[in-house]
Amino acid sequence: MATQSGITPRSEDYSQWYLDVIREATLADYSPVKGSMVLRPHGFAIWDNLKTDLDRRLKETGHVNAYFPLFIPMSFLSKEAQHVEGFAKECAVVTHHRLRAVGEGDSARVEPDPEAELAEPLIVRPTSETMIWHMYGKWIDSYRDLPVLINQWANVVRWELKTRPFLRTAEFLWQEGHTAHATRHEAVAEAEQMLEVYRSFAEDMLALPMITGVKSENERFAGAEETYTIEAMMQNTWALQSGTSHFLGQNFAKAFDVTYQTEEGHHEHVWATSWGVSTRLIGALIMAHSDDTGLVLPPPVAPIQVVVIPIWRKKDGSDKQVVVDYAQDIVDRLRAAGFRVHIDAREKLKPGAKYYEWERKGVPLRMEIGPRDVEKGAAFCKLRTGGDKFNLDVRDIEESVAQVLKNMHETLLENARTFRDENTHEVDSYDAFKTSLADKGGFYLVPWNADNDAEDAIKEETKATIRCYPFGEQHKAEGRSCFYSGKPATHMALFARAY
RNA sequence: CGGGGUGUAGCGCAGUCUGGUAGCGCACCUGCUUCGGGAGCAGGGGGUCGUAGGUUCAAAUCCUGCCACCCCGACCA
């Protein structure tokens with residue numbers, strides 16, 4: 001009965017637990033290139049499910065997909081001042097287009113061919129605003145061309161010094177929407193709409209309740225006039241920025257000189273937004289729902305929603321065929337009803353070993369099908385989230401599985417919401433904030449007089465940052481004093497440690 | 001780039017102090033018995049010990065250089 005878990009308990013070392021879950025659930029693996037990870041099939045399938053669902057939501061809100069190049073002329077990055085400051089320090093640069101072989105025998109190797117140096121270096125996109133706005137300049141002439149509502153699914157590269165699988169990697173997958181509008185009002189409405197798309201998407205697919213709000217100036221996207229964010233709480237009470245939507249004003253339109261002619265014949269710069277979510281969402285999933293046994297997946301994103309484990313006794317050969325036929329019939333019916341079902345009929349593993357494996361991998365619902373169940377016309381079930389095993393009648397198993405999975409999703413969402421609310425505190429003084437944060441972590445909603453230097457000082461002292469000025473809370477600032485400076489409060493700010 | 005640490009089989013490690021012909025656990029392969037919560041037994045495959053040089057009859061082990069990675073700081077979705 002030796003334990004083979006290989007997963008460090010959360011209480012012992014949360015960071016190690018996170019890495020252990022990823023390894024044991026076979027979501028990702030480290031590649032030979034520092035900071036780059038391989039998305040293994042089980043991890044990529046989660047991304048696939050997220051992508052399919054979000055893509056539908058983007059199209060339902062009027063967006064279309066396109067694809068822009070990976071390589072961007074280096075000079076493009078310097079066209080928007082804020083933007084260059086934000087990204088220049090983490091760009092991969094391509095300087096040559098050919099290698100040559102040098103040395104012989106043991107010292108044989110390749111090196112960039114000095115004769116093949118590019119006249120202008122290329123950067124690997126850290127984000128695509130510059131390339132896209134260059135192209136929009138060619139496509140937009142008239143008010144009749146607006147709005148432009150384009151999204152792309154792509155990889156981007158940001159050369160980070162400190163990396164962590166899914167949360168921060170040198171290369172990651174995401175979608176980035178880039179829109180162009182005739183008016184400020186329309187662009188702001190678009191940025192707000194997309195934030196809401198992300199918020200509901202996160203609840204429906206990830207069972208993650210999100211706090212929505214506006215970023216402080218310090219945390220704002222490089223080149224944006226306003227950044228909206230969705231923030232989630234992880235199990236260690238740290239915050240994770242899970243998606244952003246930016247109102248870019250006319251910054252990029254001016255930098256790339258993108259104007260349109262109005263109905264009255266005037267030339268105006270267009271108004272812009274950009275917004276994105278990435279494979280970081282998978283990190284959020286893991287850290288919000290999983291436990292010391294391994295991954296826990298909400299049914300909508302689970303690559304396998306139901307695993308069926310047939311059980312038989314070999315001596316009694318008659319058992320096996322009956323059980324397998326019965327199990328296969330359940331699998332076929334559930335698949336026909338639209339569920340993602342896997343039957344694990346491997347002969348060399350005992351049932352217990354299979355249970356542990358599928359629990360590590362986060363399968364929401366397990367069915368154990370043996371001779372006893374065949375007799376009863378039932379399926380013996382266990383939920384990944386715990387509780388006693390229970391029987392489902394096979395006669396209406398499609399409906400009952402749907403109900404069980406729906407309940408599980410709602411429970412996950414509700415538990416996450418309760419945990420977040422229990423760990424969110426309102427304080428009035430900086431001393432109370434420091435004491436409480438050090439003691440029990442969590443989110444802190446405080447009256448705040450917006451001040452970048454004060455924000456930096458607080459980060460320096462406590463490592464907490466402003467996650468956002470939450471929507472729906474701003475009225476509370478009225479008539480109050482900043483918890484740090486004592487000046488009149490201009491906002492309600494949500495402070496927390498963050499990834 | 002500063003301080004600390006580690007490189008030995010796919011993974012995790014012992015062996016290094018005190019030099020003597022490569023070892024353990026898991027994983028993998030074969031066979032038999034097992035199978036309702038991580039099976040047992042038997043047999044088997046796999047490593048130029050990070051790398052380059054030096055000392056020695058003999059180097060994973062001692063010496064020197066280099067490289068890589070990890071942790072703590074500085075930078076960050």
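A note on names: the letters A, B, ... follow the listed sequences, proteins ahead of strands, and every chain is numbered from 1. Just so you know, these numbers use all the heavy atoms, side chains as well, and skip hydrogens, waters and symmetry mates.
- For the pair A:R23 CZ and B:G10 P, the interatomic distance rounds to 17 Å; values are reported in whole Å.
- Classification of A:E357 and A:K354 as a salt-bridged pair fails, no side-chain N sitting under 4.0 Å from a carboxylate O.
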Quiz item: Base, backbone or nothing for each nucleotide of nucleotides 70-77 of chain B, written B, S, -, heavy atoms under 4.0 angstrom, 5' to 3'?
Solution: SSS-BBBB

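- Taking atom CG on A:D319 and atom P on B:G36, their separation rounds to 13 Å, with Å as the unit.
- A straight line from CD of A:E347 to P of B:A39 spans 16 Å, rounded to a whole angstrom.
- Here B:C11 presents its C1' atom at 15 Å from CG of A:L19, a figure rounded to the nearest Å.
- In this structure, NZ of A:K350 is placed 6 Å from C1' of B:C35, rounded to the nearest angstrom.
- When the side chain to side chain contact (heavy atoms under 4.5 Å, CB included) test is applied to A:E460, no partner is found at least two apart in sequence or on another chain.
- Pair assignment for B:A22 gives none, since no Watson-Crick or G-U wobble pairing has each distance under 3.5 Å.
- A salt bridge links A:E368 with A:R366; the closest basic N to acidic carboxylate O contact falls under 4.0 Å.
- Between the P atoms of B:C41 and B:G25, the separation comes to 12 Å (whole Å).
- The separation of B:C62 from B:C26, taken at their P atoms, amounts to 30 Å, rounded to a whole angstrom.
- Here A:Y356 lies parallel enough and close enough to stack on the base of B:G38, with planes under 30° and ring centres under 5.5 Å apart.
- Between the OH atom of A:Y30 and the C1' atom of B:C11 there is a distance of 13 Å, given to the nearest Å.
- Look at CG on A:D344: it is 13 Å from C1' on B:C35, rounded to the nearest Å.
- In this structure, A:K354 places its NZ atom 17 Å from P of B:U34, rounding to the nearest Å.
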